Amino acid sequence: MVDVEPVEKEIQLLDANERRLDGRALDELRPIKIEAGVLRRADGSAHVEWGGNRVLAAVYGPREAHPRHLQDPARALVQCRYNMAPFSVSDRKRPGPDRRSVEISKVTSEAFSAVVFTEQFPRTSVDVFIEVLQADAGTRCAGITAAAVALADAGIPMRDLVTACASGKIAGKVALDLNKEEDNFGDADDRAADWGDRPLADGRPPHRRRVRPSDEALDRRHQADLRDAEGGAPPAVLHRGVR
Amino acid sequence: MSAEVISELMREHIVKLVASGKRADGRVPEEIRPLKIRKNYIGTAEGSARVNLGNTDVLVGVKISTGEPYPDTPRSGVLTTSCELVPLASPTFESGPPSPTAIELARVVDRGIRETKTVDMEKLVITPGEKVWVVFIDIHALDYDGNLFDAASYGTLAALSCAKMPGRMTGGADKPLPVDHWPVSITAAKIRNTIVFDAALDEERIADARLTVAIDENGDVRAMQKGLSGSFSYDEVRYVISTARRLGNELRRTIQA
(Lines give C-alpha, C1' and ligand atoms only; values in the text may rest on other atoms or scores of the structure.)
Protein backbone atom coordinates (compact mmCIF):
# COMPACT_ATOMS: atom_id res chain seq x y z
CA MET A 1 0.00 0.00 0.00
CA VAL A 2 1.06 3.56 -0.48
CA ASP A 3 0.90 4.73 3.10
CA VAL A 4 3.89 3.66 5.13
CA GLU A 5 4.30 5.26 8.51
CA PRO A 6 7.79 5.40 9.99
CA VAL A 7 8.46 2.74 12.61
CA GLU A 8 10.98 2.85 15.40
CA LYS A 9 11.58 -0.85 15.91
CA GLU A 10 11.27 -3.91 13.74
CA ILE A 11 7.83 -5.48 13.76
CA GLN A 12 7.66 -9.16 14.52
CA LEU A 13 5.26 -10.47 11.89
CA LEU A 14 5.28 -14.13 12.98
CA ASP A 15 5.30 -15.63 16.47
CA ALA A 16 7.02 -18.87 17.54
CA ASN A 17 3.96 -20.95 16.46
CA GLU A 18 3.94 -19.33 12.99
CA ARG A 19 0.86 -17.33 13.88
CA ARG A 20 0.54 -13.93 12.24
CA LEU A 21 -0.14 -10.54 13.83
CA ASP A 22 -3.89 -11.00 13.42
CA GLY A 23 -3.76 -14.60 14.69
CA ARG A 24 -3.99 -16.25 11.28
CA ALA A 25 -2.04 -19.29 10.11
CA LEU A 26 0.20 -18.79 7.08
CA ASP A 27 -2.38 -20.26 4.67
CA GLU A 28 -5.43 -18.66 6.28
CA LEU A 29 -7.49 -15.93 4.64
CA ARG A 30 -9.08 -12.97 6.35
CA PRO A 31 -12.89 -13.14 6.71
CA ILE A 32 -14.66 -12.61 3.37
CA LYS A 33 -18.24 -11.45 2.86
CA ILE A 34 -19.69 -11.16 -0.64
CA GLU A 35 -23.02 -9.63 -1.57
CA ALA A 36 -24.38 -9.56 -5.13
CA GLY A 37 -26.89 -7.17 -6.67
CA VAL A 38 -26.23 -4.19 -4.40
CA LEU A 39 -26.69 -1.38 -6.97
CA ARG A 40 -29.85 -0.52 -8.90
CA ARG A 41 -28.52 1.29 -11.94
CA ALA A 42 -25.80 -1.18 -12.89
CA ASP A 43 -26.57 -4.31 -14.91
CA GLY A 44 -24.70 -6.33 -12.30
CA SER A 45 -22.95 -5.45 -9.04
CA ALA A 46 -21.27 -6.87 -5.97
CA HIS A 47 -19.86 -5.67 -2.66
CA VAL A 48 -16.93 -7.49 -1.11
CA GLU A 49 -15.66 -7.10 2.42
CA TRP A 50 -12.34 -8.87 2.77
CA GLY A 51 -10.60 -8.21 6.05
CA GLY A 52 -10.44 -4.43 6.21
CA ASN A 53 -11.06 -4.05 2.47
CA ARG A 54 -14.36 -2.83 1.13
CA VAL A 55 -14.78 -2.95 -2.61
CA LEU A 56 -17.73 -2.30 -4.88
CA ALA A 57 -17.91 -3.56 -8.46
CA ALA A 58 -20.46 -2.71 -11.16
CA VAL A 59 -20.92 -4.13 -14.65
CA TYR A 60 -22.52 -2.36 -17.59
CA GLY A 61 -23.07 -4.16 -20.87
CA PRO A 62 -22.61 -5.71 -23.25
CA ARG A 63 -23.17 -2.22 -24.71
CA GLU A 64 -21.92 -0.24 -27.68
CA ALA A 65 -18.17 0.13 -27.37
CA HIS A 66 -16.78 3.67 -27.07
CA PRO A 67 -14.68 5.05 -28.67
CA ARG A 68 -15.89 3.31 -31.80
CA HIS A 69 -12.45 2.69 -33.26
CA LEU A 70 -11.86 0.22 -30.42
CA GLN A 71 -14.79 -1.95 -31.53
CA ASP A 72 -13.81 -5.46 -32.52
CA PRO A 73 -16.03 -6.96 -35.25
CA ALA A 74 -15.29 -10.45 -33.93
CA ARG A 75 -15.71 -10.11 -30.18
CA ALA A 76 -16.61 -7.96 -27.19
CA LEU A 77 -14.09 -5.84 -25.34
CA VAL A 78 -13.78 -6.35 -21.61
CA GLN A 79 -12.82 -2.99 -20.13
CA CYS A 80 -12.12 -2.79 -16.41
CA ARG A 81 -11.46 0.37 -14.43
CA TYR A 82 -9.95 0.07 -10.96
CA ASN A 83 -10.30 3.23 -8.91
CA MET A 84 -9.56 4.11 -5.29
CA ALA A 85 -11.78 6.54 -3.41
CA PRO A 86 -9.69 9.42 -2.01
CA PHE A 87 -10.70 8.48 1.55
CA SER A 88 -9.98 4.75 1.15
CA VAL A 89 -6.39 5.05 2.42
CA SER A 90 -4.86 6.70 5.47
CA ASP A 91 -3.17 9.51 3.49
CA ARG A 92 -5.76 10.93 1.10
CA LYS A 93 -5.28 9.76 -2.47
CA ARG A 94 -5.66 12.39 -5.17
CA PRO A 95 -8.76 11.58 -7.25
CA GLY A 96 -8.27 10.20 -10.73
CA PRO A 97 -6.11 7.49 -12.27
CA ASP A 98 -2.44 7.14 -11.37
CA ARG A 99 0.08 4.75 -12.91
CA ARG A 100 -0.69 2.06 -10.33
CA SER A 101 -4.44 2.04 -10.94
CA VAL A 102 -3.96 2.12 -14.72
CA GLU A 103 -1.77 -0.97 -14.50
CA ILE A 104 -4.22 -2.79 -12.23
CA SER A 105 -7.07 -1.88 -14.59
CA LYS A 106 -5.10 -3.31 -17.50
CA VAL A 107 -4.25 -6.67 -15.92
CA THR A 108 -7.78 -7.00 -14.52
CA SER A 109 -9.22 -6.45 -18.00
CA GLU A 110 -6.90 -9.11 -19.35
CA ALA A 111 -7.88 -11.59 -16.63
CA PHE A 112 -11.58 -11.25 -17.45
CA SER A 113 -11.10 -11.20 -21.24
CA ALA A 114 -9.96 -14.81 -20.87
CA VAL A 115 -13.16 -16.05 -19.23
CA VAL A 116 -15.97 -14.01 -20.81
CA PHE A 117 -17.43 -15.58 -23.98
CA THR A 118 -16.53 -12.41 -25.87
CA GLU A 119 -17.22 -13.95 -29.29
CA GLN A 120 -20.95 -13.93 -28.47
CA PHE A 121 -21.09 -10.12 -28.40
CA PRO A 122 -19.15 -8.65 -31.34
CA ARG A 123 -18.61 -4.87 -31.48
CA THR A 124 -19.70 -4.38 -27.89
CA SER A 125 -17.99 -3.61 -24.63
CA VAL A 126 -18.48 -5.21 -21.24
CA ASP A 127 -17.51 -2.47 -18.79
CA VAL A 128 -16.44 -3.37 -15.28
CA PHE A 129 -15.98 -0.63 -12.69
CA ILE A 130 -14.19 -1.43 -9.45
CA GLU A 131 -14.29 1.14 -6.65
CA VAL A 132 -12.12 0.62 -3.59
CA LEU A 133 -13.97 2.28 -0.71
CA GLN A 134 -11.69 1.15 2.12
CA ALA A 135 -8.23 -0.32 1.57
CA ASP A 136 -6.32 -2.78 3.76
CA ALA A 137 -3.87 -4.47 1.32
CA GLY A 138 -5.02 -6.90 -1.35
CA THR A 139 -7.48 -4.45 -2.91
CA ARG A 140 -6.86 -5.63 -6.48
CA CYS A 141 -7.65 -9.21 -5.46
CA ALA A 142 -10.79 -8.15 -3.62
CA GLY A 143 -11.66 -6.05 -6.69
CA ILE A 144 -11.24 -8.98 -9.09
CA THR A 145 -13.36 -11.20 -6.86
CA ALA A 146 -16.06 -8.51 -6.65
CA ALA A 147 -15.92 -8.01 -10.42
CA ALA A 148 -16.39 -11.74 -11.04
CA VAL A 149 -19.52 -11.81 -8.90
CA ALA A 150 -20.81 -8.61 -10.56
CA LEU A 151 -20.27 -10.14 -14.02
CA ALA A 152 -22.23 -13.23 -12.95
CA ASP A 153 -24.92 -10.96 -11.47
CA ALA A 154 -25.16 -9.17 -14.83
CA GLY A 155 -25.68 -12.52 -16.56
CA ILE A 156 -22.54 -12.26 -18.66
CA PRO A 157 -21.69 -15.74 -19.99
CA MET A 158 -18.36 -16.86 -18.58
CA ARG A 159 -16.29 -20.02 -18.53
CA ASP A 160 -15.95 -19.74 -14.76
CA LEU A 161 -15.70 -17.31 -11.89
CA VAL A 162 -12.30 -15.69 -11.55
CA THR A 163 -10.97 -15.45 -8.03
CA ALA A 164 -7.80 -13.78 -6.86
CA CYS A 165 -5.60 -13.92 -3.82
CA ALA A 166 -2.34 -12.29 -2.84
CA SER A 167 0.58 -14.17 -1.37
CA GLY A 168 3.89 -13.00 -0.06
CA LYS A 169 6.78 -13.64 2.23
CA ILE A 170 6.84 -12.53 5.82
CA ALA A 171 9.69 -13.35 8.15
CA GLY A 172 11.03 -15.67 5.45
CA LYS A 173 7.83 -17.72 5.17
CA VAL A 174 5.26 -17.78 2.37
CA ALA A 175 1.91 -16.46 3.55
CA LEU A 176 -1.46 -15.97 1.89
CA ASP A 177 -3.58 -12.82 1.78
CA LEU A 178 -1.22 -10.31 3.37
CA ASN A 179 -2.75 -7.59 5.50
CA LYS A 180 -1.50 -4.01 5.51
CA GLU A 181 1.24 -4.46 8.09
CA GLU A 182 2.53 -7.58 6.38
CA ASP A 183 2.37 -5.89 2.98
CA ASN A 184 4.28 -2.85 4.26
CA PHE A 185 6.87 -4.61 6.36
CA GLY A 186 7.06 -8.09 4.80
CA ASP A 187 9.75 -9.33 2.40
CA ALA A 188 7.84 -9.68 -0.90
CA ASP A 189 4.39 -9.94 -2.37
CA ASP A 190 2.67 -11.24 -5.48
CA ARG A 191 -0.87 -11.74 -6.68
CA ALA A 192 -2.52 -14.28 -8.91
CA ALA A 193 -5.94 -14.82 -10.37
CA ASP A 194 -7.30 -18.15 -11.46
CA TRP A 195 -10.40 -20.03 -12.32
CA GLY A 196 -11.44 -23.63 -12.97
CA ASP A 197 -8.94 -26.18 -11.78
CA ARG A 198 -5.76 -24.64 -13.13
CA PRO A 199 -4.07 -21.25 -13.07
CA LEU A 200 -4.73 -19.08 -16.12
CA ALA A 201 -1.30 -19.41 -17.68
CA ASP A 202 -1.20 -23.16 -17.93
CA GLY A 203 -1.62 -23.14 -21.70
CA ARG A 204 -4.56 -25.54 -21.89
CA PRO A 205 -7.41 -24.55 -24.19
CA PRO A 206 -10.16 -23.00 -22.11
CA HIS A 207 -12.98 -25.26 -23.30
CA ARG A 208 -11.22 -28.31 -21.89
CA ARG A 209 -11.19 -26.95 -18.39
CA ARG A 210 -13.67 -28.27 -15.91
CA VAL A 211 -15.85 -25.77 -14.14
CA ARG A 212 -15.57 -25.92 -10.41
CA PRO A 213 -17.09 -23.88 -7.60
CA SER A 214 -15.13 -20.76 -6.92
CA ASP A 215 -14.32 -21.58 -3.32
CA GLU A 216 -12.62 -24.75 -4.44
CA ALA A 217 -10.71 -22.80 -7.06
CA LEU A 218 -9.69 -20.34 -4.39
CA ASP A 219 -8.55 -23.19 -2.20
CA ARG A 220 -6.39 -24.54 -5.01
CA ARG A 221 -5.06 -21.10 -5.66
CA HIS A 222 -3.74 -21.09 -2.13
CA GLN A 223 -2.01 -24.39 -2.56
CA ALA A 224 -0.65 -23.24 -5.90
CA ASP A 225 0.56 -20.01 -4.37
CA LEU A 226 2.50 -21.89 -1.75
CA ARG A 227 3.96 -24.25 -4.35
CA ASP A 228 4.93 -21.49 -6.73
CA ALA A 229 6.47 -19.26 -4.17
CA GLU A 230 8.57 -22.19 -3.07
CA GLY A 231 10.06 -22.68 -6.50
CA GLY A 232 7.34 -24.20 -8.71
CA ALA A 233 6.20 -22.86 -12.05
CA PRO A 234 4.72 -19.37 -11.78
CA PRO A 235 0.94 -19.09 -12.20
CA ALA A 236 -0.76 -16.18 -13.93
CA VAL A 237 0.98 -13.55 -11.90
CA LEU A 238 -0.77 -10.22 -12.13
CA HIS A 239 1.96 -8.35 -10.43
CA ARG A 240 5.00 -9.26 -8.45
CA GLY A 241 6.78 -6.73 -6.32
CA VAL A 242 9.64 -6.90 -3.90
CA ARG A 243 10.12 -4.27 -1.27
CA MET B 1 -21.94 13.29 -19.02
CA SER B 2 -23.80 11.98 -22.04
CA ALA B 3 -27.48 12.80 -22.00
CA GLU B 4 -29.81 9.95 -21.29
CA VAL B 5 -32.61 9.24 -23.73
CA ILE B 6 -36.12 9.43 -22.37
CA SER B 7 -39.10 8.36 -24.43
CA GLU B 8 -41.79 10.85 -25.41
CA LEU B 9 -44.33 8.50 -23.84
CA MET B 10 -42.55 8.62 -20.47
CA ARG B 11 -42.07 12.36 -20.71
CA GLU B 12 -45.76 12.97 -21.35
CA HIS B 13 -46.69 10.53 -18.59
CA ILE B 14 -44.59 12.35 -15.99
CA VAL B 15 -45.75 15.79 -17.15
CA LYS B 16 -49.41 14.71 -16.88
CA LEU B 17 -48.86 13.19 -13.45
CA VAL B 18 -47.13 16.21 -11.92
CA ALA B 19 -49.69 18.56 -13.46
CA SER B 20 -52.37 16.71 -11.49
CA GLY B 21 -50.32 16.77 -8.27
CA LYS B 22 -49.06 13.18 -8.49
CA ARG B 23 -45.68 11.58 -9.14
CA ALA B 24 -44.50 8.40 -10.82
CA ASP B 25 -43.28 6.89 -7.54
CA GLY B 26 -46.49 7.74 -5.64
CA ARG B 27 -45.16 10.75 -3.76
CA VAL B 28 -46.90 14.10 -3.40
CA PRO B 29 -45.02 17.12 -4.87
CA GLU B 30 -43.54 18.27 -1.53
CA GLU B 31 -42.45 14.82 -0.39
CA ILE B 32 -38.78 13.83 0.04
CA ARG B 33 -37.79 10.19 -0.50
CA PRO B 34 -36.79 8.16 2.60
CA LEU B 35 -33.40 9.29 3.92
CA LYS B 36 -31.04 6.77 5.53
CA ILE B 37 -27.64 7.80 6.86
CA ARG B 38 -24.87 5.53 8.12
CA LYS B 39 -22.17 7.57 9.83
CA ASN B 40 -18.54 6.40 10.22
CA TYR B 41 -19.03 3.96 7.35
CA ILE B 42 -15.37 4.04 6.29
CA GLY B 43 -12.62 3.24 8.80
CA THR B 44 -9.80 4.84 6.80
CA ALA B 45 -11.55 8.24 6.74
CA GLU B 46 -11.53 10.71 9.64
CA GLY B 47 -15.29 11.08 9.10
CA SER B 48 -17.70 9.48 6.66
CA ALA B 49 -21.33 8.85 5.85
CA ARG B 50 -23.18 6.65 3.41
CA VAL B 51 -26.44 8.23 2.35
CA ASN B 52 -29.42 6.58 0.71
CA LEU B 53 -31.98 9.07 -0.55
CA GLY B 54 -34.52 6.73 -2.09
CA ASN B 55 -32.42 4.74 -4.56
CA THR B 56 -29.74 7.42 -4.84
CA ASP B 57 -26.66 6.22 -2.99
CA VAL B 58 -23.73 8.49 -2.11
CA LEU B 59 -20.64 7.93 0.03
CA VAL B 60 -18.89 10.97 1.50
CA GLY B 61 -15.49 10.71 3.15
CA VAL B 62 -13.66 13.39 5.11
CA LYS B 63 -9.86 13.26 5.31
CA ILE B 64 -8.11 15.57 7.77
CA SER B 65 -4.39 16.26 7.90
CA THR B 66 -2.13 19.16 8.83
CA GLY B 67 -0.77 21.63 6.30
CA GLU B 68 -0.04 25.25 5.54
CA PRO B 69 -2.82 27.88 5.46
CA TYR B 70 -3.37 29.99 2.35
CA PRO B 71 -1.14 33.13 2.51
CA ASP B 72 -4.17 35.45 2.46
CA THR B 73 -5.96 33.61 5.30
CA PRO B 74 -3.25 32.79 7.86
CA ARG B 75 -5.80 32.49 10.68
CA SER B 76 -8.09 30.03 8.96
CA GLY B 77 -8.00 26.31 8.25
CA VAL B 78 -8.40 24.88 4.77
CA LEU B 79 -11.52 23.12 3.51
CA THR B 80 -11.84 21.60 0.03
CA THR B 81 -14.78 19.77 -1.53
CA SER B 82 -14.38 17.44 -4.51
CA CYS B 83 -16.80 15.14 -6.25
CA GLU B 84 -16.29 12.05 -8.39
CA LEU B 85 -19.23 10.92 -10.50
CA VAL B 86 -17.69 7.52 -11.14
CA PRO B 87 -19.07 5.45 -14.05
CA LEU B 88 -20.08 2.74 -11.58
CA ALA B 89 -23.01 4.90 -10.50
CA SER B 90 -24.75 5.45 -13.83
CA PRO B 91 -24.47 4.51 -17.51
CA THR B 92 -24.34 8.25 -18.25
CA PHE B 93 -21.25 8.91 -16.11
CA GLU B 94 -17.92 8.59 -17.86
CA SER B 95 -14.40 8.14 -16.57
CA GLY B 96 -11.97 11.00 -16.99
CA PRO B 97 -11.46 14.38 -15.38
CA PRO B 98 -14.40 15.76 -13.34
CA SER B 99 -17.30 16.76 -15.59
CA PRO B 100 -18.86 20.23 -15.32
CA THR B 101 -21.79 18.53 -13.51
CA ALA B 102 -19.46 17.05 -10.90
CA ILE B 103 -17.71 20.40 -10.40
CA GLU B 104 -21.00 22.27 -10.02
CA LEU B 105 -22.20 19.65 -7.54
CA ALA B 106 -19.05 19.94 -5.42
CA ARG B 107 -19.18 23.73 -5.47
CA VAL B 108 -22.86 23.93 -4.52
CA VAL B 109 -22.29 21.54 -1.61
CA ASP B 110 -19.18 23.50 -0.61
CA ARG B 111 -21.08 26.81 -0.70
CA GLY B 112 -23.84 25.49 1.55
CA ILE B 113 -21.26 24.34 4.12
CA ARG B 114 -18.93 27.33 3.84
CA GLU B 115 -21.46 30.16 3.86
CA THR B 116 -23.18 28.76 6.94
CA LYS B 117 -19.81 28.64 8.73
CA THR B 118 -20.64 25.01 9.48
CA VAL B 119 -17.02 24.30 10.36
CA ASP B 120 -15.42 26.97 12.53
CA MET B 121 -12.37 27.62 10.35
CA GLU B 122 -10.59 29.67 13.03
CA LYS B 123 -10.58 26.68 15.37
CA LEU B 124 -8.64 24.75 12.71
CA VAL B 125 -5.53 26.89 13.23
CA ILE B 126 -2.63 25.19 15.03
CA THR B 127 0.07 27.86 14.48
CA PRO B 128 -1.19 31.02 12.73
CA GLY B 129 0.35 31.44 9.28
CA GLU B 130 2.24 28.16 9.57
CA LYS B 131 0.21 25.10 10.45
CA VAL B 132 -3.51 24.46 10.20
CA TRP B 133 -5.90 21.53 9.83
CA VAL B 134 -6.67 20.76 6.19
CA VAL B 135 -10.08 19.17 5.61
CA PHE B 136 -10.80 17.31 2.37
CA ILE B 137 -14.41 16.39 1.62
CA ASP B 138 -14.72 13.78 -1.11
CA ILE B 139 -18.12 12.94 -2.54
CA HIS B 140 -18.33 9.54 -4.22
CA ALA B 141 -21.54 8.76 -6.08
CA LEU B 142 -22.40 5.04 -5.99
CA ASP B 143 -25.90 4.78 -7.45
CA TYR B 144 -27.56 7.64 -9.33
CA ASP B 145 -31.34 7.92 -9.16
CA GLY B 146 -31.74 11.68 -9.17
CA ASN B 147 -31.03 14.62 -6.83
CA LEU B 148 -27.36 14.03 -6.13
CA PHE B 149 -27.13 17.64 -4.88
CA ASP B 150 -29.16 17.00 -1.73
CA ALA B 151 -27.86 13.47 -1.10
CA ALA B 152 -24.26 14.74 -1.35
CA SER B 153 -25.05 17.68 0.88
CA TYR B 154 -26.63 15.51 3.62
CA GLY B 155 -23.70 13.09 3.39
CA THR B 156 -21.21 15.93 3.71
CA LEU B 157 -22.89 17.36 6.79
CA ALA B 158 -23.22 13.92 8.39
CA ALA B 159 -19.57 13.06 7.63
CA LEU B 160 -18.31 16.39 9.03
CA SER B 161 -20.43 15.95 12.17
CA CYS B 162 -18.69 12.68 13.06
CA ALA B 163 -15.19 13.64 11.85
CA LYS B 164 -12.19 13.68 14.19
CA MET B 165 -9.02 15.74 13.93
CA PRO B 166 -6.39 12.99 14.28
CA GLY B 167 -4.25 13.50 17.37
CA ARG B 168 -1.41 11.40 15.89
CA MET B 169 -0.55 14.38 13.66
CA THR B 170 -0.06 16.85 16.49
CA GLY B 171 0.90 14.50 19.31
CA GLY B 172 -2.38 14.95 21.20
CA ALA B 173 -5.74 13.22 21.47
CA ASP B 174 -8.31 13.00 18.68
CA LYS B 175 -10.65 15.96 18.79
CA PRO B 176 -14.06 16.25 17.13
CA LEU B 177 -14.19 18.64 14.19
CA PRO B 178 -15.94 21.83 15.37
CA VAL B 179 -19.34 21.71 13.60
CA ASP B 180 -21.46 24.66 14.69
CA HIS B 181 -24.25 24.95 12.13
CA TRP B 182 -26.51 22.60 10.25
CA PRO B 183 -27.44 23.84 6.76
CA VAL B 184 -29.91 21.57 5.02
CA SER B 185 -30.04 21.59 1.23
CA ILE B 186 -33.39 21.22 -0.53
CA THR B 187 -33.65 21.02 -4.29
CA ALA B 188 -36.83 21.77 -6.23
CA ALA B 189 -37.34 20.87 -9.87
CA LYS B 190 -39.73 22.65 -12.21
CA ILE B 191 -41.43 20.46 -14.82
CA ARG B 192 -43.41 22.66 -17.23
CA ASN B 193 -45.39 24.74 -14.70
CA THR B 194 -45.24 22.41 -11.70
CA ILE B 195 -42.69 22.27 -8.92
CA VAL B 196 -41.65 19.00 -7.25
CA PHE B 197 -39.12 18.47 -4.47
CA ASP B 198 -36.32 15.88 -4.43
CA ALA B 199 -36.78 14.89 -8.07
CA ALA B 200 -36.17 11.24 -8.93
CA LEU B 201 -34.11 10.46 -12.02
CA ASP B 202 -37.00 10.40 -14.54
CA GLU B 203 -38.28 13.74 -13.21
CA GLU B 204 -34.81 15.26 -13.15
CA ARG B 205 -34.20 14.28 -16.77
CA ILE B 206 -37.22 16.23 -18.04
CA ALA B 207 -37.01 19.17 -15.61
CA ASP B 208 -36.82 22.66 -17.11
CA ALA B 209 -35.27 24.37 -14.09
CA ARG B 210 -33.74 23.46 -10.75
CA LEU B 211 -33.39 25.48 -7.55
CA THR B 212 -31.22 24.40 -4.62
CA VAL B 213 -31.66 26.23 -1.31
CA ALA B 214 -29.52 25.74 1.81
CA ILE B 215 -31.47 26.62 4.98
CA ASP B 216 -29.80 26.93 8.38
CA GLU B 217 -31.26 25.97 11.76
CA ASN B 218 -32.82 29.46 12.12
CA GLY B 219 -34.71 29.06 8.87
CA ASP B 220 -32.48 31.57 7.08
CA VAL B 221 -31.31 31.04 3.51
CA ARG B 222 -27.52 30.59 3.41
CA ALA B 223 -26.91 29.64 -0.21
CA MET B 224 -28.82 29.16 -3.43
CA GLN B 225 -28.18 27.80 -6.87
CA LYS B 226 -30.53 27.89 -9.82
CA GLY B 227 -29.72 25.44 -12.60
CA LEU B 228 -30.87 24.40 -16.08
CA SER B 229 -32.25 26.72 -18.74
CA GLY B 230 -35.77 27.30 -17.42
CA SER B 231 -36.84 29.98 -14.95
CA PHE B 232 -38.64 30.48 -11.65
CA SER B 233 -41.06 33.35 -11.01
CA TYR B 234 -40.68 35.47 -7.88
CA ASP B 235 -43.68 33.71 -6.30
CA GLU B 236 -42.26 30.31 -7.15
CA VAL B 237 -38.95 31.15 -5.46
CA ARG B 238 -40.87 32.25 -2.35
CA TYR B 239 -42.82 28.99 -2.44
CA VAL B 240 -39.63 26.91 -2.77
CA ILE B 241 -37.98 28.72 0.14
CA SER B 242 -40.98 28.41 2.46
CA THR B 243 -41.40 24.72 1.63
CA ALA B 244 -37.66 24.14 2.13
CA ARG B 245 -37.85 25.77 5.56
CA ARG B 246 -40.64 23.41 6.53
CA LEU B 247 -38.99 20.25 5.12
CA GLY B 248 -35.55 21.17 6.44
CA ASN B 249 -36.31 20.68 10.13
CA GLU B 250 -37.12 16.99 9.92
CA LEU B 251 -34.19 16.34 7.57
CA ARG B 252 -31.86 18.12 9.98
CA ARG B 253 -32.92 15.83 12.80
CA THR B 254 -32.20 12.77 10.63
CA ILE B 255 -28.73 14.12 9.78
CA GLN B 256 -27.96 15.01 13.41
CA ALA B 257 -29.05 11.59 14.74
Side-chain angles (χ1 to χ4, degrees), chain A residues 1-3 5-6 38-47 49 51-61 63-64 66-67 79-97 101-102 105 125 127-136 139 143 146-147 150 180, chain B residues 2 4 40-50 52 54-67 80-98 102 106 134-146 155 159 163 166 168-169 200-201:
Chain A
M1 281 327 339
V2 282
D3 39 297
E5 282 161 14
V38 292
L39 300 175
R40 291 253 184 163
R41 291 290 283 163
D43 297 318
S45 61
H47 184 260
E49 282 184 55
N53 292 306
R54 276 189 184 183
V55 180
L56 205 52
V59 171
Y60 287 90
R63 60 183 180 182
E64 191 180 358
H66 283 290
Q79 304 191 93
C80 300
R81 178 182 184 262
Y82 166 101
N83 184 45
M84 290 186 106
F87 45 79
S88 64
V89 280
S90 62
D91 287 337
R92 177 180 183 265
K93 184 203 166 286
R94 277 175 58 110
S101 60
V102 169
S105 301
S125 173
D127 298 320
V128 183
F129 301 112
I130 299 166
E131 293 292 326
V132 178
L133 307 179
Q134 184 177 296
D136 185 34
T139 56
K180 202 170 113 188
Chain B
S2 66
E4 206 160 354
N40 289 316
Y41 186 80
I42 294 295
T44 45
E46 274 66 52
S48 60
R50 182 149 177 196
N52 297 86
N55 292 327
T56 290
D57 192 343
V58 175
L59 181 57
V60 179
V62 172
K63 291 296 295 174
I64 305 178
S65 56
T66 55
T80 312
T81 310
S82 328
C83 173
E84 273 190 274
L85 298 181
V86 288
L88 163 126
S90 166
T92 56
F93 295 167
E94 286 161 11
S95 41
V134 179
V135 180
F136 283 103
I137 299 165
D138 284 289
I139 299 160
H140 221 67
L142 300 182
D143 213 350
Y144 172 45
D145 192 35
R168 63 185 154 84
M169 296 199 149
L201 184 60

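Owing to the predicted nature of the structure, the values given are computational and were not obtained by experimental measurement.
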Trainee: Under a 4.5 Å heavy-atom cut-off, does chain A meet the side chain of B/Asp138, its backbone, both or neither?
Mentor: both
Trainee: Can you name the nearest heavy-atom pair linking B/Leu88 to A/Ala42, along with the distance?
Mentor: O-CB, 4.5 Å
Trainee: So does A/Val89 get a backbone contact from the side chain of B/Lys63, meaning a donor-acceptor N/O pair under 3.5 Å?
Mentor: yes
Trainee: Write down the atom of A/Pro86, the atom of B/Glu84, and the distance for their closest heavy-atom approach.
Mentor: CD-OE1, 3.6 Å
Trainee: Check the pair A/Arg92, B/Ser82 against side chain to side chain contact (heavy atoms under 4.5 Å, CB included), reporting the backbone distance first and the verdict last.
Mentor: CA-CA 12 Å; A/Arg92 177 180 183 265; B/Ser82 328; 3.5 Å; yes
Trainee: Look at A/Pro97, A/Ser88, A/Gly96 and state which one has the largest set of heavy-atom pairs under 4.5 Å with chain B.
Mentor: A/Ser88
Trainee: Can you measure from NZ (A/Lys93) to CZ (B/Phe136) and round to the nearest 0.5 angstrom?
Mentor: 13.0 Å
Trainee: Where is the tightest heavy-atom contact between A/Arg81 and B/Ser95, given as atom of each residue plus distance?
Mentor: NE-CB, 3.2 Å
Trainee: What are the two closest non-hydrogen atoms of A/His47 and B/Tyr41, and how far apart are they?
Mentor: NE2-OH, 4.0 Å
Trainee: Quick one: of A/Asn83, A/Asp43, A/Val128, who has the most non-hydrogen atom pairs under 4.5 Å with chain B?
Mentor: A/Asn83
Trainee: Under a 3.5 Å distance rule, please check whether B/Asp143 uses its side chain to pair with a backbone N or O of A/Arg40 as donor and acceptor.
Mentor: yes
Trainee: Quick one: of B/Ile64, B/Asp145, B/Val62, B/Ile42, who has the most non-hydrogen atom pairs under 4.5 Å with chain A?
Mentor: B/Ile42
Trainee: Counting only heavy atoms closer than 4.5 Å, note whether B/Ser65 contacts chain A via side chain, backbone, both or neither.
Mentor: neither
Trainee: Need one label for B/Leu142: side chain, backbone, both or neither, based on atoms under 4.5 Å from any heavy atom in chain A.
Mentor: both
Trainee: Could you grab the distance from atom CG of B/Asn55 to atom CG of A/Leu39, nearest 0.5 Å is fine?
Mentor: 10.5 Å
Trainee: Checking A/Arg41 against B/Phe93: charged group under 6.0 Å from the ring centre and within 45 degrees of the axis?
Mentor: no
Trainee: Keeping B/Thr44 on the side-chain end and A/Phe87 on the backbone end, is there a donor-acceptor pair under 3.5 Å?
Mentor: yes
